[in-house]
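Read the structure below first, then the notes.
Naming convention: chains lettered A, B, ... in sequence-line order (proteins, then strands); numbering from 1 in each chain.
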Amino acid sequence: MYLNQQKQLEAGLREALRSLYQIEVDTVVLEQPPELAFGEYATPLAFELARRLRKAPRKIAEEIVAALGPVPGFAGFEVAGGGYINARLDRAAAVESYAMSGDVPPPRQRLHELVEHTSINPNKAAHVGHLRNAILGDTFVRLLRAAGHQVDVQNYIDNTGVQVADVVVGLMHLEGLTLRGVEEWVAELAATGERIDYACWDLYARVSLWYAGDPDQTEARKKIRLDTLHAIEAGGNDVARIAELISTAILRRHLETMLRLGIEYDLLPRESEILHLHFWDLAFEQLKAKGVLYFETEGKNKGCWVMKRPGTAETEPDGGPDEDAKVIVRSNGTVTYVGKDIAYHLWKFGLLGRDFAYRPFFRYADRECWISAETGEANHPHFGGAQAIYNVIDSRQADPQANVIEALRGLGYTEQAAHYTHFSYEMVALTPRCAMELGYEVAPEDQARPYIEVSGRKGFGVKADDLIDKLIAATRAEVDSRHPELSEAERDATARAIAVGALRYFMLRFTRNSVIAFDFKDALSFEGETGPYLQYAVVRTRSIFRKAGTTPEAALAGLRGLDLAPYLSGPGTEGIWDVWLRTAKTTLLLDQCIQTAEPAYLAKHAFQLAQDFSNFYRLHHILSEEDPARKALLLATAAVTHRELIRSLAWLGISAPEVM
RNA sequence: GGGCGAGUAGCUCAAUCGGAUAGAGCACCGGCCUUCUAAGCCGGGGGUUGUGGGUUCGAUUCCCGCCUCGCCCA
């Protein structure tokens, strides 16, 4: 809607430029004036043309305004300042169209999209950093789906890597357990309701200390670690069975944790199948055939299969070996992580020539989450073969991600490489104060820093479930004191919705490349720019309709045929049009978020709409309004706020309770 | 050594393709619950946008140098 008006204005301006000066411009910059009193749109077009036309900007602006014919949807144009052209919408017409249409236009290009997120090593509990990943990823999935895209959601599981190996080492060598013993331990944890991911969190930290704990044993323990890893990779032995048992149990816990936040997955592809189904062999053949990989015969990478790094020259000027090249196959024949990742991404795009087998793994309310397998069920949904992919992975992985893209490009898959997005974001760190509150020792030099990186290896961090539990406890206390009349179940559901809203908004309000310095004080805040603030605005609109005895839909329909113009500008109408204009931008924001892969813009938009509504709510008392037409508009203003907030919040994965 | 990101109010963050008076939240100070929910609202103070240059009618934004911090690669 807002976008349509923008296009109309742009077309009008272009036409004026053609008829006046016979010129075409590449882009017509349209922005919103600093105050709504100046109009809804402004363009600095005249400034840009001043030099080209050898005229004063103000003069040009005046000529353009004079030449502009009537533009559909607009009431008038004027020149402001040194040469801005301000445009005013026909507010009454705009309100009527905003009220009737809340639809999202179909996407320009409908691709089969694949979003991968969460991807936690299944050897310990999820922490706040993983929450940021999962919430960003899940929100982006919701945005893509809202825009009409078909999206598959994957959560990649590295179940055969060193992190899982470390926990297996802990169980076998620190705890002295055999496969049988581990099975009993897992059963015992399940029986007592103890969280296995928590138990392994501590064990993992202990193993890290153990490796370096005795200088005489360092080499021997390194060997144990490597042997364990190799046994897991090979499969078909007790070590691998322990790894499978532990990683699967922890994976289930991760899925349960994420489900608390409304986060679901379609498929869990695992590294074990990538290994055992020999994805790499097929990728290796392609990479060799296309010359992407070459065998290095000199220098430090002698005996390795290497690949040119993105951004480096084709050959070294001096003709020597490219020492900068990325090793894909080591001289001992083992494949690096990037190599396996290339094979996996060829599968994602349907370019590998081999598929996983699949079996159901985790049941959601209305669907199944599948997992990769060596042998699976005959009937399964089709996975992979995407046209565009998004990998939600923190910014530290930028280098390996760039290598995978470079390999795709080298193989001639330029289209796929262009539709490969590393959805990068900065880490969640802890403030020194938060770390000390949690009882960790913080070195004096670290205390002066704004944040400290979390480390699963050291057991340093805030566990996701602990944070969620704390949030629920805090919201539950509030709900209990505010609404003792509600049933236990209602209070529980309300507290959970608010807790999830607070957490999801907290993780989404920062732009992706900003490090979040985590602090319980901020994360547990329910005032100001927070999820509960947005939910509260919705609750207020609900309360209005409850007391008015009508619905938002009826209120919006009730505008038909009314003369609204007197109520949309002038004294006594402050704050009404602001709400309408804001609501009209929701689909624009959706589009912008997808184009830039930045959900924070929508979070900010929803907050601003809630602020606009609060302002409107203060200035206009709806239920006591006596002028019927004016009352209809005020009710519709609450209704359009309700409609747009509910839908924006849904895209952010936040639901608004009935009362709070 | 190379690459990426960042530096904006006391703190945490915004700022659309380079546009009008750099905006929010928190914290602080002062007000507002007898009209639709105070998890709210109103008002106030608070800025040399790290630094030095350049481009431009116009720079937080683009370019170059320097400083500081974080991450990644060797």
Any A:S614 side-chain nitrogen or oxygen under 4.0 Å from OP1 or OP2 of B:rC41: yes
A:Q32 vs B:rG19: side-chain N/O to OP1/OP2 distance below 4.0 Å: no
Presence of A:N513 side-chain N/O under 4.0 Å of B:rA6 phosphate oxygens OP1/OP2: yes
Centroid separation A:Y425 to A:F510 less than 6.0 Å: no
Atom-to-atom span, CD of A:Q595 to P of B:rC17 - whole angstrom: 12 Å
Test item: side-chain donor near acceptor, A:W580 and A:T637, under 3.5 Å: yes
Touch class at under 4.0 angstrom, heavy-atom based, for A:E658 against every strand present: base
Under 3.5 Å donor-acceptor pair, A:D399 side-chain atoms to B:rA74 base atoms: no
Touch class at under 4.0 angstrom, heavy-atom based, for A:Y533 against every strand present: sugar-phosphate
Touch class at under 4.0 angstrom, heavy-atom based, for A:V25 against every strand present: nothing
Side-chain H-bond candidate by donor/acceptor type, A:R643 with A:T583, under 3.5 Å: no
Distance, rounded to the nearest Å, where A:F510 contributes CZ and B:rA24 contributes P: 18 Å
Length of the CD1-C1' vector between A:I452 and B:rC71, whole Å: 16 Å
B:rC4 phosphate, OP1 or OP2, under 4.0 Å from A:Y425 side-chain N/O: no
Partner of A:S487 by side-chain hydrogen bond (donor to acceptor under 3.5 Å, both in side chains), out of A:E490, A:R491, A:H483, A:E485: A:E490
A:Y601 OH to B:rC17 C1', straight-line distance once rounded to whole Å: 12 Å
Sugar-phosphate only, base, or nothing, as touched by A:P33 at under 4.0 Å among non-hydrogen atoms: base
Pairing of A:R409 and A:E406 as salt bridge, 4.0 angstrom limit: yes
Span that lies between the C1' atom of B:rA27 and that of B:rA9, in whole angstrom: 12 Å
Touch class at under 4.0 angstrom, heavy-atom based, for A:F526 against every strand present: base
Between A:E426 and A:S514: side-chain donor-acceptor atoms closer than 3.5 Å: no
Sugar-phosphate only, base, or nothing, as touched by A:D26 at under 4.0 Å among non-hydrogen atoms: nothing
Syn-anti status, with the boundary at 90° from 0, for the nucleotide B:rC33: syn
Base-paired stems that RNA chain B participates in, counting runs of 3 or more Watson-Crick or G-U pairs under 3.5 Å: B:1-7 with B:67-73, B:10-13 with B:23-26, B:28-32 with B:40-44, B:50-54 with B:62-66
Between A:Q32 and A:K585: side-chain donor-acceptor atoms closer than 3.5 Å: yes
Interatomic distance at C1', B:rA24 relative to B:rC41, whole Å: 16 Å
Touch class at under 4.0 angstrom, heavy-atom based, for A:F545 against every strand present: nothing
Sugar-phosphate, base or nothing in reach of A:V515, heavy atoms under 4.0 Å: sugar-phosphate
Touch class at under 4.0 angstrom, heavy-atom based, for A:H422 against every strand present: nothing
Distance below 4.0 Å between A:R540 side-chain N/O and B:rG40 OP1 or OP2: no
Base orientation of B:rC26, syn vs anti, 90° cut from 0: anti
Sugar-phosphate, base or nothing in reach of A:A42, heavy atoms under 4.0 Å: base
Phosphate-side-chain proximity, A:R51 and B:rC57, N/O vs OP1/OP2 below 4.0 Å: yes
Pair A:Y536 + A:F613: ring centers closer than 6.0 Å: no
A:Y505 ring center near A:Y533 ring center (under 6.0 Å): no
Sugar-phosphate only, base, or nothing, as touched by A:Q608 at under 4.0 Å among non-hydrogen atoms: nothing
Nearest-angstrom distance from the residue atom CZ of A:R618 to P of B:rA38: 13 Å
A:Y84 ring over B:rA20 six-membered base ring, under 5.5 Å and 30°: yes
Protein-nucleotide distance (A:L534, atom CG; B:rA24, atom P), rounded to Å: 16 Å
Rounded distance in Å - CD (A:E10) to C1' (B:rC17): 12 Å
